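First comes the structure, then the notes that go with it.
Numbering of ligands and ligand atoms starts at 1, following listing order. Everything numeric in this text was worked out from a predicted model, so none of it was measured. Computed from heavy atoms alone, side chains included, the values below leave out hydrogens, waters and symmetry copies.
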Amino acid sequence: MFWDEEKECMSQEDMEELQLKRLQDVVKTAFNEVPYYHKRYSEEEVYPEDIETLADIEKLPFTTKTDLRASYPFGLFAVPQKDIIEIHTSSGTTGKPTVSGYTEEDLDIWGELIARGFTMMGVDENDIIQNTHGYGLFTGGFGVHYGGQKIGATVVPISTGQTLRQIELMKDFQSTMLIFTPSYGLHIAEELKSMGITPDDLNLKVIGFGSESWTEEMRQQIEEKFQTPAYNIYGLTEVMGPGVAMECSEQNGLHLNEDHFYPEIIDPVTMKQLPENQSGELVLTTLTRVGMPLIRFRTRDVTKIRHEKCGCGRTLVKMDKITGRTDDMLKIKGVSVFPSQIEKALLSINGVEPHYQIILTRPDVLDQIEVKVEASPDIFFDNVKELVGIKEKLEHAIHDEIGLRVNVSLVEPKTIDRVESGKAVRVIDKRNE
Ligand code: ZN
């Protein structure tokens, strides 16, 4: 089943032709309508007519979050404010948030692209989508909402939190699809278990999750706890929100909607493009965005892309799940470490729950890593000897993964803060305190 077969199964040659035409248009519009681009491109002496092939995109400078903040709030809009009908922003935890403005056409495309993804996951007009993403300035809630309505499903806009109410509605409405961030999903699973509700009491057939980094081990735990396949949704506020790329039934990478977003992978140090199948920073150019075109936006997300005919029949370029963020990367004793590597090691060992925190300290001159992870209830309360064994196994597994010694402490179940909203705090860096 396809939502838009023509675009989703286009030959690479036709796709590139379409991308080039759209790229030329968007660069021209940005240059003519957005003072920021006009100034940048004039300074660098690169002009719309210099884009003759897709490869010419490398002539254009990057756009970063810092550029967006400098243009706060509406400086990057390419249309008069009256044509912008909705605004979202990033969380703004570090300084001013970044603003994203949408015209009516932009919202329509947003719905279309989520609808493509939902169709890949086997969702249709018969489904009841319980959307636990927050409705507000965060893009997650509304993006899913527009896509769900576009395919004609029944959307339950419950938003984040109120876990007991979530569970009540899941049962009463017999919701077939749940949308959540992995950490909130695990929280729901825990509540279900404590209430004695099993997957058989529910009617779930599919889970869509995103907006947090996760590992394959985390997905397996989610699928096991809900007895339901879980698919990855990727997006970012600046570029659109969820739906930039979504996972198909093969569960082996996400199809990136490359007719709307032109992807590049760059080496974040040399800033040069990398070939397919090499891991680097994802850079995206919006090809159809009307309200706020973004050209060569550095996402900071680390992944790789590849063209291949997918088992699902689609030809849209595939992107691996995000393995980290260039700014989440921790430098510990001079070694680059992604929190996701530690998570992967933790979840490879039986006897612990997927709730953990990484605490970095520098008691004298050397960095120290402590990883707190919750032991499974059956082990924690019954078997002290086994706990010691698990601690050693975990320290070993993490050492194998990152090449550094860590001190693991197994803590009592349910003692690490749960998230009722937003993203879990996995790393606490006290090194500069
Ligand atoms: Zn596929």
Query - ring-ring contact (aromatic ring centres under 6.0 Å, His included): pairs with one or both residues in residues 46-77, sequence neighbours excluded - result: F31-Y47, F74-F77

Query raised in the report: What residues, two or more places apart in sequence or in another chain, satisfy side chain to side chain contact (heavy atoms under 4.5 Å, CB included) together with D25?
Result: K21

Report task. Go through the structure and list residues passing side-chain hydrogen bond (donor to acceptor under 3.5 Å, both in side chains) with T103, not counting sequence neighbours. Result -> D106

Requested in this report: State whether the number of non-hydrogen atoms from other residues, nucleotides or ligands found under 6.0 Å of E58 atom CD is greater than 12.
Outcome: yes

Report task. Would you mind telling me which of K321, K318, R116, R219 makes a salt bridge (charged side-chain N to carboxylate O under 4.0 Å, His left out) with E247? Result -> R219

Query - Listed protein N/O/S atoms, distance to the Zn ion (ligand 1) under 2.8 Å - result: C248 SG, H255 NE2, C310 SG, C312 SG

Query raised in the report: Does a donor on one side chain and an acceptor on the other come within less than 3.5 Å for E191 and T163?
Result: no

